[in-house]
Amino acid sequence: MMAAAATIFVYYTTWAILVPFFDASSPIHAWFPPREWAVRIPAFILAVGLSAIGSFVGSTIIRENRKQAQKAKLRAA
C-alpha cells in the first residue's frame, strides 16, 4: 500500500511540477496525460470523497435521531 502511494505521489509530482519545465516537443510529455487533468482528477476525487463523508455523517445523524424518537415513544407509552 505504501509503495503504491509513493509511486502515485512521484508520478503526480513529476506530472504536475516537473513536466511543465520540459520543452513541448520533449518525448517525456508522451508519458503523461494533458496537464488540465492534473487539476481535474484530484478535484473529482475530492468531490467524491466529501460527498461520501457528508452522506455518512447525514445517515448517522438520521439513525441517531430515529433511535432517540423511538426511545421517547417508549417512555411516553
Side-chain angles (χ1 to χ4, degrees):
M1 186 91 117
M2 289 297 290
T7 303
I8 291 169
F9 174 77
V10 168
Y11 181 84
Y12 182 79
T13 302
T14 304
W15 177 27
I17 296 175
L18 298 178
V19 170
F21 292 109
F22 289 99
D23 189 36
S25 62
S26 175
I28 198 166
H29 284 279
W31 300 344
F32 301 96
R35 282 188 22 222
E36 68 259 8
W37 288 101
V39 175
R40 289 181 184 174
I41 292 172
F44 176 74
I45 292 171
L46 180 66
V48 169
L50 289 175
S51 297
I53 291 168
S55 297
F56 173 75
V57 169
S59 66
T60 303
I61 290 172
I62 290 171
R63 274 192 236 129
E64 289 299 319
N65 287 341
R66 285 182 184 163
K67 286 180 185 178
Q68 288 177 359
Q70 285 177 349
K71 286 181 183 178
K73 276 185 180 180
L74 292 175
R75 287 184 198 146

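Positions are given from 1, in the same order as the sequence printed here.
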Legend entry - Beyond-backbone contact of Trp37 with Trp15, side-chain heavy atoms, under 4.5 angstrom: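 In short, these two side chains touch, coming nearer than 4.5 Å.
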Donor-acceptor check, side chain of [X] to backbone of [Y], threshold 3.5 angstrom: yes or no?
| X | Y | result |
| --- | --- | --- |
| Ser59 | Phe56 | yes |
| Ser26 | Phe22 | no |
| His29 | Pro20 | no |

Inset, instruction - Give a yes or no on whether Ile61 and Ile53 share a hydrophobic cluster (residues Ile, Leu, Val, Met, Phe, Trp, Tyr; joining criterion: side-chain heavy atoms under 4.5 Å apart). - result: yes
Inset, instruction - Report yes or no: do Val39 and Ile17 belong to one cluster of Ile/Leu/Val/Met/Phe/Trp/Tyr joined by side chain heavy-atom distances under 4.5 Å? - result: no
Separation of [Y] [atom2] from [X] [atom1] (nearest 0.5 Å):
| X | Y | atom1 | atom2 | result |
| --- | --- | --- | --- | --- |
| Trp31 | Thr14 | CH2 | OG1 | 10.0 Å |
| Asn65 | Thr60 | CG | OG1 | 11.0 Å |
| Ile41 | Glu36 | CD1 | CD | 10.0 Å |

Legend entry - Atom CZ of Arg35: over 12 foreign heavy atoms under 6.0 Å: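 Result for CZ/Arg35: open.
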Legend entry - Neighbour count >12 (heavy atoms, 6.0 Å) for atom OH, Tyr12: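 For Tyr12, atom OH is crowded (more than 12 foreign heavy atoms under 6.0 Å).
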Legend entry - Ser25 versus Asp23, closest heavy-atom pair with distance: OG-OD2, 2.6 Å
